[in-house]
Amino acid sequence: MNRFGYAVCQFVYGSLRFSRGISLDSHLSNARVANSPFRNLRWEEGNNSNDGQKWQTLEHRGPLFPPEYEPLPNNVSFYYGGEPMKLSLAAEEVATFYAKMLEHEYTSKEAFQKNFFTDWKEVMSDDDRKTIKKLSKCDFSELHKYFVNKSEEKKNMSKQEKQALKEEGSRLTEEYGYCLLDGHREKIGNFRVEPPGLFRGRGEHPKMGKLKKRIHSVDVIINCSKDSKIPAPPSGKKWKRVQHDNTVTWLASWVENVQKHTKYIMLNPSSKLKGEKDWQKYEVARSLKLEVDSIRHQYQQDWSSREMKTRQRGVALYFIDKLALRAGNEKEDDTADTVGCCSLRVEHISLHESLDGQEWVVEFDFLGKDSIRYYNKVPVEKRVFKSLKIFMENKDPEDDLFDRISTTYLNKKLNEYMTGLSAKVFRTFNASTTLQDQLSKLTKEDMTVEEKILSYNRANRAVAILCNHQRAAPKTFEKSMQLLQEKIQKKKEQIEQAKKELKKAKKAHKEHPSDRSKKLVEQKENAVRRLEEQLKKLELQVTDREENKVIALGTSKLNYLDPRISVAWCKKYNVPIEKIYNKTQREKFAWAIDMTDADFQF
DNA sequence: TTCCAGACTTGGGTCCAGTGGA
DNA sequence: TCCACTGGACCCAAGTCTGGAA
């Protein structure tokens, strides 16, 4: 219980689907077991262990390694200065990474070329290095063509060959794609070790083009329970270490060489462990609803504080709440220059006492996560505006706007307001609240299912816009829109024709009434109605797609919108859940689908 | 108090299998 | 049957946040 009287939910598995102590092998033979670990289970509040233990038993097969490098055939050559050249095996492998990327724009970038060439030289043999002095003299085109042909060949494989490949894939997924956690057979999210290749960061990443080295078993740490069958490393090889830490959820890990970050093999979102965590996340966000008024009141008071730190905190929190900005942790230097709230610099905002007929406008323009641009003009309260003016005084453009605060400080303060509260909770809270509000505004009982879905997508879109989830317009967008328009035109012509036929049938019926003529009129009426419905559906599709051109709905749907809101909405308005969530999403949100009634309120 | 690493969530891009229309 | 298109699985980078060491 926190000081606001809110009990942070704890989660217990009501009834176990599998008995404990069952072995992985016995389950691997049965692919059909346990589609959803939540189905038929009772979720209830209770006492989970509070010592940070995530599981009692964990057994798995270890990660699946990518295939070894297959040397190029003799008739495919790399050229240096116009002359064919046989590279050492290691250098050849890295050359193929570059060759495969030749069509990408970024291979033309200076940083990419420089990083690649430096790392490539490192794996070259002395002989290779003696010859190869300049990247500009390297010709990878034959290698590139070889891989293009290879992928073409794969496309043109016979049905049987494709089937065999698919079966092999399924076999591997069966063997490596599942683990046994506390007796439950759970899907693993990413059971493959990342293959070697060239690092491609997002945006202007200073490390783009660097070599991501091959990971061997000796680099991999295995995490499983003591009494489980320890996964076998590839024959003749060893693991870096085998540990039995049940306070973490990962199954295997290694450190990648480019950014020195740890990579993990973890469970699929449909798993019990991830599901519980997700539920917990939405419960914390829901509980913010009870506190948000007092928190808002508090940060508004902070705008007038004499202490600069408090004042900055008040304004930063206001941005995080109102604009759903990310916290904005400090970043390492050798990454793309992106920012969030706390790391905003003076150059990222402009102040306008009046703009487009509005007063006290702040213009934001910065690159956020993944180098996605955030551009927004927002009228703010006068006190916020004045405070920002003070924060910017005597500062250079590249100075921090909020120089007195950090994300750690902000989150500490937030945790004082409410247990479990951190900056990102506001994003979840505001996203889910927006969805719920929009759904209630946009949905009407008498709508068709298609109209309701359009309303849902519009509500979802409002959230995506709030969270700045943008995407590049699909490459085939214009073409597919044109196709849709053509379909609409055709449908209109069909309606015209059908109406003519109806008129004719009515006339005939009037002149010589009979059962047959009456039936014909009904048939024609039905045809017109059906066509008009089809037209309406197509027009809705156009609207939906147009509005969705550069907005990505998936991210908010998967990460920010409490699924119980969607499930309740589906139940209330008789929309099949399949129209809102695809199979994977239904698996991830099985807990919500199981537990939510039509009257759920976030 | 600061720094840093570890653990986990969030995120857009890519690619390919499946689908539906010609 | 073929082909174009698209949804969704997969990939892996890039965030957030916490806890412990210095």
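Everything numeric here is computed off the predicted structure, so don't read it as measured data. Sequence lines set the chain letters: A, B, ... in the order given, protein chains first and strands last, and positions in each chain run from 1.
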> What string of B, S and - do you get for nucleotides 14-22 of chain B, 5' to 3', when a contact is any protein heavy atom under 4.0 Å?
Replying inline: ----S---S
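- The side chain of A:K331 lies closest to C:dG15, out of B:dG11, C:dC17, C:dG15.
- One atom, CH2 of A:W250, and another, P of B:dA7, lie 6 Å apart when rounded to the nearest Å.
- Nucleic acid contact for A:T335: none, since no nucleic acid atom lies under 4.0 Å from a heavy atom of the residue.
- Within 4.0 Å (heavy atoms only), A:G340 reaches no atom of the nucleic acid at all.
- At C:dA13, none of the side-chain N or O atoms of A:Q259 fall inside 4.0 Å of OP1 or OP2 (strictly under the cut-off).
- A:K212 comes within 4.0 angstrom of the backbone, heavy atoms only, and of no base.
- No close placement of the A:F364 and A:Y375 rings is indicated, their centers lying 6.0 Å or farther apart.
- With B:dC8, C:dT18, B:dG6 as the choices, the nucleotide that has an atom nearest any side-chain atom of A:T262 turns out to be B:dG6.
- Comparing A:S371 and A:P195 against DNA chain C, the residue whose closest nucleotide sits nearer the 5' end is A:P195.
- Checking A:K331, A:K369, A:R202 one by one against A:T338, the side-chain hydrogen bond (donor to acceptor under 3.5 Å, both in side chains) holds for a single residue, A:K331.
- Listed pair A:S422 / C:dT16 fails the phosphate criterion, with no side-chain N or O lying under 4.0 Å from OP1 or OP2.
- Using a 4.0 Å heavy-atom criterion, one finds that A:E256 contacts no nucleic acid atom at all.
- Checking the phosphate oxygens (OP1, OP2) of B:dG11, a side-chain nitrogen or oxygen of A:H469 falls inside 4.0 Å.
- Closest-nucleotide positions on DNA chain B for A:Q243 and A:R427 were compared, and the one nearer the 5' end corresponds to A:Q243.
- For A:K260, no side-chain nitrogen or oxygen approaches OP1 or OP2 of B:dA5 to under 4.0 Å.
- Cation-pi geometry between A:R61 and A:Y176 is not satisfied (NZ or CZ under 6.0 Å from the ring centre, within 45° of the ring normal).
- Distance from the side chain of A:A423 is smallest for C:dC17 among the nucleotides C:dA13, C:dT16, C:dC17.
- Each of A:E174, A:E175, A:E167 was scored for a side-chain hydrogen bond (donor to acceptor under 3.5 Å, both in side chains) with A:R171, with one residue passing: A:E175.
- In this structure, the separation between NZ on A:K557 and CG on A:L435 is 10.0 Å, given to the nearest 0.5 Å.
- Considering only side-chain atoms of A:A327, the nucleotide from B:dG11, C:dC17, C:dA13 that sits closest is C:dC17.
- The shortest distance between the side-chain N/O atoms of A:T338 and the OP1/OP2 oxygens of C:dG15 is below 4.0 Å.
- At the heavy-atom level, A:K424 lies under 4.0 Å from the strands shown only through sugar-phosphate atoms.
- Looking at heavy-atom distances under 4.0 Å, A:R202 makes contact with a base.
- Using a 4.0 Å cut-off, some side-chain N or O of A:H205 falls inside it from OP1 or OP2 of C:dA14.
- Heavy-atom contacts from other residues, nucleotides or ligands closer than 6.0 Å to CD of A:E168 number more than 12.
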> What do the steps show when you test A:F97 against A:F116 for ring pair (Phe, Tyr, Trp, His ring centres under 6.0 Å), and what is the final call?
Replying inline: CA-CA 10 Å; A:F97 300 155; A:F116 163 71; 8.9 Å; no
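- In this structure, A:K100 is positioned above the aromatic face of A:F147, its NZ or CZ under 6.0 Å from the six-membered ring centre and within 45° of the axis.
- Distance from the side chain of A:M266 is smallest to B:dA7 among B:dT10, B:dA7, C:dT16.
- With the nearest nucleotide of DNA chain C identified for both A:N268 and A:K263, A:N268 has the one nearer the 5' end.
- Between A:K277 and B:dA7 there is no side-chain polar atom (N or O) within less than 4.0 angstrom of OP1 or OP2.
- Residues satisfying the salt bridge (Lys or Arg N to Asp or Glu O under 4.0 Å) criterion with A:R313, sequence neighbours excluded, are A:D302.
- Residue-level contact check: A:L558 touches neither bases nor backbone, having no heavy atom under 4.0 Å from any strand.
- In this structure, A:K424 fails the cation-pi test against A:F429, since its NZ or CZ atom is not both closer than 6.0 Å to the six-membered ring centre and inside 45 degrees of the ring normal.
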> For A:H144 and A:Y98, what are the C-alpha separation, side-chain angles and deciding distance, and is it a ring pair (Phe, Tyr, Trp, His ring centres under 6.0 Å)?
Replying inline: CA-CA 9 Å; A:H144 176 73; A:Y98 192 83; over 10 Å; no
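- Straight-line distance from the CH2 atom of A:W55 to the C1' atom of B:dA7: 15 Å, rounded to whole Å.
- Among the atoms of the strands shown, base atoms are found under 4.0 Å from some heavy atom of A:Y264.
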> What is the per-nucleotide protein-contact pattern of nucleotides 3-9 of chain C, from the 5' end, where B denotes a base atom under 4.0 Å from a protein heavy atom, S denotes such proximity for sugar-phosphate atoms only, and - denotes neither?
Replying inline: --SS-SS
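- With distances taken from any side-chain atom of A:N559 to the nucleotides C:dA13, B:dG11, B:dC8, the minimum falls on B:dG11.
- The residue A:S253 sits apart from the nucleic acid: no heavy atom pair falls under 4.0 Å.
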